[in-house]
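Report on the following structure.
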There are 2 protein chains.
Amino acid sequence: MAKSAHGQHGPIPEAAVSRLAVYLRALSSLAETEVTSVSSEELAAAAGVNSAKLRKDLSYLGSYGTRGVGYDVRVLTEEIERVLGLTANQAVAVVGIGNLGHALANYGGFPGRGFPVRALFDVDADLLGVPVGGIQVSRIEDIAEVCAERGITIGVIATPAFSAQSVCARLVSSGVRCILNFAPVELVVPDDVEVRKVDLAVEMQILSFHVARRAGTRAAEEGTNGMVTNPS
Amino acid sequence: MAKSAHGQHGPIPEAAVSRLAVYLRALSSLAETEVTSVSSEELAAAAGVNSAKLRKDLSYLGSYGTRGVGYDVRVLTEEIERVLGLTANQAVAVVGIGNLGHALANYGGFPGRGFPVRALFDVDADLLGVPVGGIQVSRIEDIAEVCAERGITIGVIATPAFSAQSVCARLVSSGVRCILNFAPVELVVPDDVEVRKVDLAVEMQILSFHVARRAGTRAAEEGTNGMVTNPS
DNA sequence: GAGTGTGAAAATATTCACAGCA
DNA sequence: TGCTGTGAATATTTTCACACTC
């Protein structure tokens, strides 16, 4: 068997995957300027990570840089896109056309292209057939049919919490294997389905923790009292 | 010095903090039923993690369970809220009242209470003074004044990428130390400012990677079936 | 008996630091 | 000389497994 000099070596660590998308955006910005080559130092700065981590992450893809020079913007972009599976377009369905669903539908293809929204679903009869962002809203009951018809591969759940699990089940039984969940519940899915959750309340609470901690720390350092229990 | 049996022992690992908020929601659901006590096993299932991890996470807060019994829902809820700093309400400002900003403003306090939206900002003159979700939109130039006036502690950036950094700078110089960023850029902030980023394109791309990988794996295994890929 | 709390082990992830190539 | 690619060292996170308490 001929061994290629390029190509993915082994499984890419999850943590690295989630940063590849970030590098990709940084590369896009560069591509818009006249820059054709970047060093790990520069790209890392643009992506907000340190350069050793960036080089390590890229090393999982293979060897696409040039020692003493850096990375070719075009080559690296294409390589990351290939690894992330962005060469084939994924068709997206958004379920739940409330405030958030509306916003998502109007994003029109999700920033960073490659993710055209191709179907919208809601229970609200008043919305049926109404075009949002150029796409008509279909009935939840028709998820299976419409998803099959339009080749949906990614489902976005933007419904209230109480209906998220049932919507999810419908999507899964329609063959959707990737789900982005904005509803504040833990979805139960088969092993071969990938779910990612975006939870605004959780993000806010994490921020809240950091404000609180900082305030506590500051009070402690203030010399006088504080709510501090932190024995360091 | 009297040593309390309770209270936080040391610094709480970042990974644990980000799950506390998830446990909190699971606890809220339980509180709505008549359940007053849960085991780590049950709570872990509701939160989508394994029970060892949950127990370890909770152990960073101190010892709030009862051996042989479990955790008191009320007590644990209060403890997590205290640690996350949810006892004091954080006032939120949303900057950029486009599709997404609109949706965020209408959330009205962010699910999971404790985060009332108290200010909205946009550059669009047509929006000035228009109430969205009950709050009037103010001018970006007035960020400093309005934030001080309303005691804003958390800023949410929902502007286009090109204005995110300048909006961020305004928020920071107005004293805001926590930022939730929806714009697809890496914000540069002083060390004492905490930024969390929510990036829909990145989430989609990570999902895309998993579809691609699955498809690849399946193709490779075609013939001899089995979901076994793990070379252990 | 049942289920927490936690050291110790294993797995992951990050950072260092430098050999090796353009 | 300059910068990549990567083993080795370190730090963090997860998991195990069991002593301990109710």
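In the text below, chain A, chain B and the rest are named by the order of the sequence lines, each starting its count at 1.
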**Asked** Could you state the interatomic distance from CD (A:Q90) to CG (A:L84), rounded to the nearest 0.5 Å?
**Response**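 Nearest 0.5 Å value for the CD-CG distance: 10.5 Å.
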**Message:** From the set D:dC22, D:dT6, D:dT13, return the single nucleotide nearest to any side-chain atom of B:T66.
**Reply:**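 So the nucleotide nearest the side chain must be D:dC22.
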**Request:** Report the nucleotide, chosen from D:dT13, D:dT4, C:dC16, that has the shortest atom-to-atom distance to any side-chain atom of A:R55.
**Result:**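 Nearest listed nucleotide: D:dT4.
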Nearest whole angstrom, please: distance from the [atom2] of [N] to the [atom1] of [X].
{"X": "A:L61", "N": "D:dT6", "atom1": "CG", "atom2": "P", "value": "11 Å"}
{"X": "B:L43", "N": "C:dG3", "atom1": "CG", "atom2": "P", "value": "14 Å"}
{"X": "B:E42", "N": "C:dG3", "atom1": "CD", "atom2": "C1'", "value": "11 Å"}
{"X": "B:E14", "N": "C:dT14", "atom1": "CD", "atom2": "P", "value": "13 Å"}
{"X": "B:L58", "N": "C:dG3", "atom1": "CG", "atom2": "C1'", "value": "13 Å"}
{"X": "A:D57", "N": "C:dA13", "atom1": "CG", "atom2": "C1'", "value": "10 Å"}
{"X": "A:I12", "N": "C:dA13", "atom1": "CD1", "atom2": "C1'", "value": "15 Å"}
{"X": "A:L76", "N": "D:dT4", "atom1": "CG", "atom2": "C1'", "value": "12 Å"}

**Request:** By nearest nucleotide on DNA chain C, pick out whichever of A:G68 and A:P13 is the more 5' one.
**Result:**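 Between the two, 5'-proximity favours A:P13.
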**Prompt:** On DNA chain C, nearest-nucleotide positions of A:A15 versus B:S59: which is more 5'?
**Reply:**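 It is B:S59 whose nearest nucleotide is closer to the 5' end.
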On the nucleotide [N], are OP1 or OP2 found under 4.0 Å from the side-chain N or O atoms that [X] carries?
{"X": "A:N50", "N": "C:dT15", "answer": "yes"}
{"X": "A:Y71", "N": "C:dA22", "answer": "no"}
{"X": "A:S40", "N": "D:dC3", "answer": "no"}
{"X": "A:S39", "N": "D:dC3", "answer": "no"}

**Asked** How about B:S40 and B:R55: does a side-chain donor come under 3.5 Å of a side-chain acceptor?
**Response**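 On atom types as modelled, these side chains qualify, holding a pair under 3.5 Å.
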**Asked** Between A:A47 and A:V22, which heavy-atom pair has the shortest distance, and what is it?
**Response**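 Between these two residues, the closest heavy atoms are O-CG1, 3.7 Å.
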**Prompt:** Can you name the closest pair of heavy atoms from B:G155 and B:L171 and give their distance?
**Reply:**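 Looks like CA-CD1, 4.2 Å.
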**Message:** Could you check whether A:R25 pairs with B:E186 (Lys NZ or Arg NE/NH1/NH2 to Asp/Glu carboxylate O, under 4.0 Å)?
**Reply:**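 No, no charged N to carboxylate O under 4.0 Å.
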**Prompt:** Going by modelled atom types, is there a donor-acceptor pair between the base of D:dT4 and the side chain of A:R67 at under 3.5 Å?
**Reply:**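 Indeed, a donor on one side and an acceptor on the other fall under 3.5 Å apart.
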**Message:** Please compare A:K56 and B:Y60 by the position of their nearest nucleotide in DNA chain D and report the one closer to 5'.
**Reply:**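 Taking each residue's closest nucleotide, the earlier one in sequence belongs to A:K56.
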